[in-house]
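Worksheet for the structure shown next.
In what follows, every chain begins at residue 1, and chains take the letters A, B, ... in the order their sequences are listed.
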Amino acid sequence: MSTIQAVKGTRDLYPEQYAPLQRIFDAWRSASLRHGFEEYEGPTLEYLELYREKSGDELVGQLFCLTDSGQRELALRPEMTPTLARMVAAKINALSKPIKWFCMPRLFRGENVQRGRLREFYQWNIDVIGTADVTADAECILAGVEALRDLGLTEKDFAVHISNRRLIAALLAAAGIPADGHAGAYAILDKAGKIDEAELARRWGERYESHIAFSALMDLLGTQTIDGVRTAASKFATASAELDSAFDETSRLFDTLNEFGIPDYCRFNMRVVRGLAYYTGPVFEFFDRGESERAICGGGRYDDLLGKLGKSKEPAVGFGMGDVVLSLMLKDRGLLTDARTGRGVFVADAADGLRGRLHSLVASIRRAGITAEFSYARQALGKQLKAADKKGCPIVVILGDETLSRGSVQIKAMAKGESREIPYADLLTRPAEFLQHTA
RNA sequence: GUGAGCGUAGCUCAAGUGGUUAGAGCACUAGGUUGUGAUCCUAGGGGUUGCGGGUUCGAGUCCCGUCGUUCACCCCA
């Protein structure tokens, strides 16, 4: 055994682990493309400064930093959004809006390692930049839902919990809570459901009870619809243009999700706050509906961020979905299987002196777009069949003196154990006709 | 970052209160079987017991450190 282990929080992905991961990547990419997103990629290394500007020094502590030989301070990217913002800002005038891009980067965070939480992972990112229309928010959610559906998950397995930072801010303001008290209120909302109700009431009562009664807060937290929020809000909020507008925006988001055909997946949940300070509008999290209630995806609208990182302000919305929790969730449900087996043709020779023809046939089959395998060395036929079985090849082509003397080869279907003969010359020149539908 | 549990073959696990040369199943390789796979039988390879130090006549077992991992807290872009 090697004394050097994989670095803490990283994974050695052997074929048996990487193959199921590829299925996740395929679902991500396929859903992105179907929804009109284009793939991009950026550097793994960025200047440390890029993250300082956005996140502040406390988050820099979770970065993997290094100094290059030219004394440049660099960091392994912990998220994709700053890179995206940088790339978009650099070409903002040349890009047609809205910009719909996706990426599946490897990200690095120097966090404490736990189940579902590693230091290096993959994260699907999709973003729409250049429009404030909440149709874009709905489309991001739709793409996320469709990707998970492709992987075999249904509305019984996960739900999209949606809130709206702008609406919450308008509600707090309409209740007379000054702007400097909003962050504290968000923190309490975030804790709801994680701490018991008495503790929640105590924390709320310290500062906000006079503006919004705790009972009204519980009404707000309990509702799953935007109409429920309106009803609860009518008890304490005074009308304002901003509040009307925020309600209208949120309603349109839910209407659009309805029209996209995914109302069963979506619900309003005021507890969804998102830690990130840069969210400005709708925010959402995809939740595992199983016991663990894990968040598998999070995102929202961040209309001010690009303006801070670049020259021009552009409205934007997007989300990130990591592979780690998603993999665990699929595994729990038996949906994460090794996809390597059951494909391709195995070509075997049953006598000496046929290697040349075997090599030609293998190359011909492969050129026709069909996976073909063979043993490097001439072995007993039994061994070659055993090898074919182990590789999961459903079809074996057997070259033998006896059949070749009649100008034909044997095609054996492994599952049934039956075989038939076809002309060798035909198989060599038109392999797809004989093998495509079976392999 | 804090606290706790766990590290024995590629995997799952054995190995009384410290006591010969650390075992088994699965997996892997080869043979039985030089023209027909899955089953079966036989044999084989594979371990610095995570790593380092200490106690002891003797450590997989006890102690310390370290690395990894799991769980909780913190945090979560």
**Bracket string, RNA chain B, 5' to 3' - pairs by Watson-Crick or G-U geometry under 3.5 Å, | interstrand** = (((((((..((((.....[...)))).(((((.......))))).....(((((..]....))))))))))))....
Phosphate contact ([N] OP1 or OP2) by [X] side-chain N/O below 4.0 Å:
{"X": "K390(A)", "N": "rU29(B)", "value": "yes"}
{"X": "K383(A)", "N": "rG31(B)", "value": "yes"}
{"X": "R117(A)", "N": "rC76(B)", "value": "no"}

Rounded to whole angstrom, note down the [atom1] distance from [N] over to [M].
{"N": "rG23(B)", "M": "rU8(B)", "atom1": "C1'", "value": "11 Å"}
{"N": "rU21(B)", "M": "rG25(B)", "atom1": "P", "value": "23 Å"}
{"N": "rG54(B)", "M": "rG5(B)", "atom1": "P", "value": "25 Å"}
{"N": "rG47(B)", "M": "rC51(B)", "atom1": "C1'", "value": "15 Å"}
{"N": "rC74(B)", "M": "rU17(B)", "atom1": "C1'", "value": "41 Å"}

**Distance, rounded to the nearest Å, where M414(A) contributes CE and rA38(B) contributes P** = 9 Å
**Message:** Please report the distance, rounded to the nearest Å, between CD in Q379(A) and C1' in rU29(B).
**Reply:** 12 Å
**Message:** On RNA chain B, compare the nucleotides closest to G9(A) and K416(A); which residue's is nearer the 5' end?
**Reply:** K416(A)
Just compare [options] and give me whichever is closest to any side-chain atom of [X].
{"X": "I398(A)", "options": "rC75(B), rG68(B), rU36(B)", "result": "rU36(B)"}
{"X": "K412(A)", "options": "rU36(B), rU70(B), rC76(B)", "result": "rU36(B)"}
{"X": "Q114(A)", "options": "rG35(B), rA72(B), rA77(B)", "result": "rA72(B)"}
{"X": "R378(A)", "options": "rA77(B), rG35(B), rA38(B)", "result": "rG35(B)"}

**Residues, nucleotides or ligands: over 12 heavy atoms within 6.0 Å of E38(A) CD** = no
**Item:** More than 12 heavy atoms of other groups within 6.0 Å of Y47(A) OH
**Value:** no
**Message:** So V396(A), base contact, sugar-phosphate only, or nothing? Heavy-atom distance under 4.0 Å.
**Reply:** nothing
**Asked** Would you say the side-chain atoms of S419(A) and Q410(A) include a donor-acceptor pair closer than 3.5 Å?
**Response** yes
**Prompt:** Do E46(A) and T83(A) have side-chain atoms, one donor and one acceptor, less than 3.5 Å apart?
**Reply:** yes
**Complete:** The residue among R149(A), R333(A), R289(A) that forms salt bridge (Lys or Arg N to Asp or Glu O under 4.0 Å) with D157(A) is R333(A)
**Request:** Take the angle between the ring planes of H161(A) and F287(A) and call it parallel below 30°, perpendicular above 60°, tilted in between.
**Result:** tilted
**Message:** Does rG16(B) count as syn, meaning its glycosidic angle lies within 90° of 0, or as anti?
**Reply:** syn
**Under 3.5 Å donor-acceptor pair, Q410(A) side-chain atoms to rU36(B) base atoms** = yes
Got a list of side-chain donor-acceptor pairs under 3.5 Å for residues 125-134 of chain A, not counting sequence neighbours?
residue: N125(A); atom: ND2; partner: Q123(A); partner atom: O; Å: 3.1
residue: N125(A); atom: ND2; partner: Q123(A); partner atom: OE1; Å: 3.0
residue: D127(A); atom: OD1; partner: Y302(A); partner atom: OH; Å: 2.5
residue: T131(A); atom: OG1; partner: D133(A); partner atom: N; Å: 3.1
residue: D133(A); atom: OD1; partner: T135(A); partner atom: N; Å: 2.8
residue: D133(A); atom: OD1; partner: T135(A); partner atom: OG1; Å: 2.6

